[in-house]
Undergrad: 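My structure is below; once you've seen it, I'll send some questions.
Start at 1 and go down the list; that is how both ligands and their atoms are numbered.
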Amino acid sequence: MGLPEPPPLGAAALPAGTFDGTVVLVTGGGTGLGRAIATEFARLGAHLVVASRKPEHLAAAQEALAPLGGPVLTVPCDIRDADQVAAAFDRAEAELGLPSVLVNNAAANFPSPAEDLSPNAWRTVVDITLNGTFLCARELGRRHLAAGSPASIVNVGASYAWTGGPGFAHSAAAKAGVKNLVETLAVEWGPYGIQVNGLVPGLVPHQDMTADIRENLDRNEATARSQPALRIGHPREIGWAATFLASPYGRFISGHTLVVDGANWQRRALTNPPVVTVRDQLGRGPFEP
Ligand code: HXC
Ligand code: NAP
């Protein structure tokens, strides 16, 4: 049986107009889960700012979000670059107003045995996932501290922040940093009215997954059956969780990371199956220095 399916796409978990006129900035909001999150905010009346690098992703955000009613501003931005982050906030402020919700959704990832990662491959994933998240949070924090106004941050994470992530050493280490940052910033900025939470999606496949993440999934023929929920997650379930955390109904929740994964990360077997190395799981030959 497994966990029941959620209500259909388009159903709302919060009252209509919960985010009327609220400016919400979603990094990486043109694809996958970022777009699903932005969609749920837009349905509840938010004015959306989507920031990412690729014009085709920004165009996809505009196409998906504009029909939902509110204004949508798309801003080219590489979140690794503090100046580009500041420029994105400048544009948002000038055209829609200072965002009072920031969803740090953008991240980078690809499967690789740790020993195969070049210094630049490691640096790239950590730079986007952890440093980019910090730079965006810092920009929002500084502007709200200066203005004396409240705000809410949701950092999208991954459950291997707690467990380690064999095959994803760079991303797992970066996501551990992202989770830790939630806990630090929530305490530092709570006195200024800034709430900071984390949101961890479980396995939520979507049409925009990068080829190597998709191939990684396709290695397991029984993807849904390997989850305690006996199903995968749906992007809208991540969108609903994000809107709740940033809504007035979640105001006393801060410094928390909410895992939306049907308990998959707690799964353990009574007896573990034989160990298969990451190289073998990825079909790589022996390590060649
Ligand atoms: C090994 C790789 C690699 C790969 C890139 N590199 N792809 N190494 N395997 N598949 C190496 C390159 O060789 C290079 O090192 C360094 O990484 C930087 O590569 P660039 O292509 O120059 O980087 P850049 O253009 O900045 O692109 C970043 C990227 C790319 C991460 C490589 O894939 C990207 O833009 N991804 C964004 C979308 C994404 O990753 N989404 C996944 C989120 S899903 P050298 O040494 O050659 O210079 C997610 C799920 C979590 O996080 C849970 C999953 C179970
Ligand atoms: P995705 O579709 O690949 O989205 C990643 C987004 O990040 C893209 O829109 C990309 O846009 C943006 N991005 C990447 N590098 C950037 C940079 N340097 N500057 C600005 N934007 C950048 O992946 P997803 O599956 O939706 O993942 C979204 C979030 O959920 C990530 O934090 C991921 O770690 C997390 N997550 C996903 C799953 C899952 O099952 N899908 C599971 C656990 C955690 P551009 O290419 O246009 O820059």
Undergrad: For atom 40 (O) of ligand 2, find the nearest protein heavy atom and state the residue, atom name and distance (0.1 Å precision).
TA: Val204 N, 3.0 Å

Undergrad: Could you tell me whether ligand 2 has any atom less than 4.0 Å away from a heavy atom of Gly132?
TA: no

Undergrad: Below 3.5 angstrom, do we get any N/O pair linking Gly29 and ligand 2?
TA: no

Undergrad: Look at ligand 2 and say whether Cys77 reaches it with a heavy atom at a distance under 4.0 Å.
TA: yes

Undergrad: Where's the contact between His57 and ligand 2, heavy-atom distance under 4.0 Å: side chain, backbone, both or neither?
TA: side chain

Undergrad: Checking a contact table here: which protein heavy atom is nearest atom 23 (O) of ligand 2, and how many Å away?
TA: His206 NE2, 4.0 Å

Undergrad: According to ring-ring contact (aromatic ring centres under 6.0 Å, His included), who are the partners of Trp162, at least two apart in sequence or on a separate chain?
TA: Trp265

Undergrad: Could you check atom 37 (C) of ligand 2 against the protein and tell me its nearest heavy-atom contact, residue, atom and distance included?
TA: Leu33 CD1, 3.6 Å

Undergrad: Using the rule side chain to side chain contact (heavy atoms under 4.5 Å, CB included), only one of Val49, Val23, Val24 pairs with Val101; which is it?
TA: Val24

Undergrad: CD of Gln266 to CG of Asp261: how many Å apart, nearest 0.5 Å?
TA: 6.5 Å

Undergrad: At the 4.0 Å heavy-atom cut-off, does Asn109 count as touching ligand 2?
TA: no

Undergrad: Considering only protein heavy atoms, which is closest to atom 34 (O) of ligand 2, and at what distance to one decimal place?
TA: Lys175 NZ, 3.0 Å

Undergrad: Around atom 18 (N) of ligand 2, find the nearest protein heavy atom and jot down its residue, atom name and distance.
TA: Asp78 OD1, 2.9 Å

Undergrad: For Glu63, which residues count as a side-chain hydrogen bond (donor to acceptor under 3.5 Å, both in side chains) partner, sequence neighbours excluded?
TA: none

Undergrad: For ligand 1, what N or O to protein N or O distances fall under 3.5 Å?
TA:
from, atom 1, to, atom 2, distance (Å)
ligand 1, 10 (N), Asp212, OD2, 3.1
ligand 1, 15 (O), Ser118, OG, 3.4
ligand 1, 26 (O), Arg80, NH1, 3.0
ligand 1, 26 (O), Arg80, NH2, 3.2
ligand 1, 35 (O), Arg53, NH1, 3.2
ligand 1, 35 (O), Arg53, NH2, 2.7
ligand 1, 40 (O), Asn109, N, 2.9
ligand 1, 40 (O), Asn109, O, 3.3
ligand 1, 46 (O), Ser118, OG, 2.6
ligand 1, 48 (O), Asn120, ND2, 2.9
ligand 1, 52 (O), Asn109, ND2, 3.4

Undergrad: Nearest 0.5 Å, what's the CD1-CG distance between Ile128 and Asp78?
TA: 6.5 Å

Undergrad: Cluster partners of Trp240, using ILVMFWY side-chain heavy atoms under 4.5 angstrom, listed by chain and number?
TA: none

Undergrad: Evaluate side-chain contact (heavy atoms from CB on, under 4.5 Å) for Ile37 paired with Ile238, printing each intermediate quantity in order.
TA: CA-CA 7 Å; Ile37 291 169; Ile238 306 306; 4.0 Å; yes

Undergrad: Between CD of Gln84 and CZ of Arg53, what distance do you get to the nearest 0.5 Å?
TA: 10.5 Å

Undergrad: Quick one: look up the protein heavy atom nearest atom 29 (C) of ligand 2 and list residue, atom name and how far away it is.
TA: Asn105 OD1, 3.2 Å

Undergrad: How long is the span from the CZ atom in Phe134 to the CG atom in Asn155, to the nearest 0.5 Å?
TA: 11.5 Å

Undergrad: Ignoring hydrogens, just give me the one of Gly30, Gly32, Ala106 whose non-hydrogen atom is nearest atom 21 (N) of ligand 2.
TA: Ala106

Undergrad: Kindly compute the distance separating CG (Leu48) from OG1 (Thr74), expressed to the nearest 0.5 Å.
TA: 11.0 Å

Undergrad: Between Asn155, Asn104, Thr210, which one has a non-hydrogen atom sitting closest to atom 3 (O) of ligand 2?
TA: Thr210

Undergrad: Tell me which protein heavy atom sits closest to atom 16 (C) of ligand 2, plus the residue, atom name and distance to 0.1 Å.
TA: Arg53 NE, 3.4 Å

Undergrad: Can you report which non-hydrogen protein atom sits closest to atom 2 (O) of ligand 2, along with the distance?
TA: Thr31 OG1, 2.8 Å

Undergrad: Tell me whether Arg214 at atom CZ has more than 12 heavy atoms from other residues, nucleotides or ligands lying less than 6.0 Å away.
TA: yes

Undergrad: Out of curiosity, Leu102 CG to Thr27 OG1, how far, rounded to the nearest 0.5 Å?
TA: 6.5 Å

Undergrad: Quick one: does Arg35 get within less than 4.0 Å of ligand 2, heavy atoms only?
TA: no

Undergrad: Would you please determine whether Gly202 falls within less than 4.0 Å of ligand 2 on a heavy-atom basis?
TA: yes

Undergrad: Any sub-3.5 Å donor-acceptor pair from His144's side-chain atoms to Ser149's backbone N or O?
TA: yes

Undergrad: Side chain of Asn197, backbone of Thr257: donor and acceptor closer than 3.5 Å?
TA: no

Undergrad: Measuring from the heavy atoms of Gly157, does anything fall under 4.0 Å of ligand 2?
TA: yes

